[in-house]
Amino acid sequence: MGEAPIFYYDTNSPYAYLAAERIQDVITEAEWRPIAFGMLLRDIDRVPWSLRPGREEQMADCERRAAERGLPPITWPKGWPAQTWSLAPLRAQIMAEEQGLLVPFALACYRKMFVEARSLAELNTIFDAARVAGLDPPEVRDRIAEPALKERLREYTDEATARGVVGVPTVAVGDELFWGDDRLEDAAAALARAG
């Protein structure tokens, strides 16, 4: 088989949160890739559902899916999504990736955001997620502005854009893209066919 499947996500997305909570069971070999989804949207000139009128229906859908999957109730952070999005947690995830802690840190970030209703635009929330994942909060604070972390995040985001990613979560299996937390099984089936 060729390259590993790639799981593109941004920790400000509730659908990506739902996918993150189960992708390890559905596609165990998926490589997690944080992307700056806000930057991708700007580049492709797209407005996400969360910033359009009538978003309450999809918020309710996220809440329903969380309940169906036995996850804690989704609690929306104040000001979500515009006031909760930040590059800082995404850069910190690049640091976590270097230390082999990307998945536990990403999951801790998601749970802070969508279970505890804490904004990831607040550094203390990121530091608390870092503690949960086994990262050193002072190191996170000192490193999130490092050019190398910024560049790796930019590379991941540019890669997703070049592949045609238009939403998160997206799983890339070869040249095929599966957008949506309800497409994980389709991505797994494509992976099985390719294997």
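For the single chain, residues carry numbers from 1 onward in sequence order. Note that the coordinates shown come from a computational prediction; the quantities given were computed from them, not determined experimentally.
Using a cut-off of 4.0 Å between Lys/Arg side-chain N and Asp/Glu carboxylate O, Arg131 and Asp128 are scored as salt-bridged. Lys112 has no carboxylate O lying under 4.0 Å from a charged side-chain N of Glu122, or vice versa, which leaves the two without a salt bridge. Using a 4.0 Å cut-off between charged side-chain N and carboxylate O, Glu97 and Arg152 make a salt bridge. Residues Glu3 and Arg163 are paired through a salt bridge, judged by an N-O separation under 4.0 Å between the basic side chain and the carboxylate. Electrostatic pairing of Glu98 and Arg143 counts as a salt bridge here, judged by a charged N lying under 4.0 Å from a carboxylate O.
Taking CG of Asn12 as the start and CH2 of Trp85 as the end, the distance is 8.5 Å to the nearest 0.5 Å. Taking CG of Leu153 as the start and CD1 of Ile144 as the end, the distance is 12.0 Å to the nearest 0.5 Å. Atoms CD and CD, from Glu63 and Gln58 in turn, are 12.0 Å apart once rounded to the nearest 0.5 Å. The line from CG of Leu18 to CD of Glu68 is 10.0 Å long, rounded to the nearest 0.5 Å. One finds the CG atom of Leu135 at 6.0 Å from the CZ atom of Phe105 (value rounded to the nearest 0.5 Å).
Inter-residue side-chain proximity for Glu21 and Arg111 is flagged as met; some heavy-atom pair is nearer than 4.5 Å. Contact check for Tyr156 versus Gln93: no side-chain heavy atoms found under the 4.5 Å cut-off. Side-chain contact between Arg141 and Leu123 is absent, with no heavy-atom pair separated by less than 4.5 Å. Considering only heavy atoms from C-beta on, Thr84 stays 4.5 Å or farther from Leu120 through its side chain. By the 4.5 Å heavy-atom criterion applied to side chains, Leu102 and Glu31 are not counted as neighbours. In this structure, the side chains of Trp32 and Tyr8 stay at 4.5 Å or more apart for every pair of heavy atoms. With contacts defined as side-chain heavy-atom distances shorter than 4.5 Å, the pair Val171/Ile6 does not qualify. Taking the side chain as every heavy atom from C-beta outward, Met39 and Thr161 never approach each other to under 4.5 Å.
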Go through it in stages, so that I can follow the logic: the residues are Tyr17 and Asp181, the test is side chain to side chain donor-acceptor pair (under 3.5 Å), and I'd like the CA-CA distance, side-chain angles, deciding distance and then a yes or no. CA-CA 9 Å; Tyr17 157 62; Asp181 95 289; over 6 Å; no
Mind running side chain to side chain contact (heavy atoms under 4.5 Å, CB included) on Ile27 and Phe7 for me, showing each step along the way? CA-CA 9 Å; Ile27 308 173; Phe7 173 50; over 6 Å; no
Walk me through it: do Glu146 and Lys150 pass the test salt bridge (charged side-chain N to carboxylate O under 4.0 Å, His left out)? CA-CA 6 Å; Glu146 278 185 7; Lys150 293 179 181 181; over 6 Å; no
Take Trp76 and Met59 through the side chain to side chain contact (heavy atoms under 4.5 Å, CB included) test and state the conclusion after the steps. CA-CA 9 Å; Trp76 302 94; Met59 291 171 74; 3.6 Å; yes
Test salt bridge (charged side-chain N to carboxylate O under 4.0 Å, His left out) applied to Asp61 and Arg64, step by step: CA-CA 5 Å; Asp61 181 52; Arg64 179 185 54 76; 2.2 Å; yes
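Here the closest heavy-atom approach between residue Val165 and residue Leu40 is recorded as O-CD2, 3.5 Å. Counting all heavy atoms, side chain and backbone alike, Ser50 lies closest to Trp80 at CB-CH2, 3.5 Å. Of all non-hydrogen atoms in Ala172 and Leu177, the two that sit nearest each other are CB-CD2, 3.7 Å. Considering all non-hydrogen atoms of both residues, Pro169 and Tyr15 come closest at CD-C, 3.6 Å. The nearest pair of heavy atoms linking Ala88 to Ile126 is CB-CD1, 3.7 Å. The shortest non-hydrogen separation linking Ala36 to Leu90 is CA-CD1, 3.8 Å.
Put simply, Val115 and Val132 are part of two different groups of oily side chains (I, L, V, M, F, W, Y) that touch within less than 4.5 Å, one to the next.
Note on ring orientation: taking the six-membered ring where Trp is involved, the planes of Tyr110 and Tyr9 are tilted (angle from 30° to 60°).
Neither side chain, Gln24 nor Glu29, offers a donor N or O lying under 3.5 Å from an acceptor on the other.
Put simply, the side chain of Asp136 gets close to the backbone of Glu139: a donor and an acceptor are under 3.5 Å apart. In this structure, Thr170 contributes its side chain and Gly167 its backbone to a donor-acceptor pair below 3.5 Å.
Every residue two or more places apart in sequence or in another chain that forms a salt bridge (charged side-chain N to carboxylate O under 4.0 Å, His left out) with Asp182 is listed here: Arg65.
Annotation: Glu57, atom CD; neighbour count of heavy atoms from other residues, nucleotides and ligands within 6.0 Å does not exceed 12.
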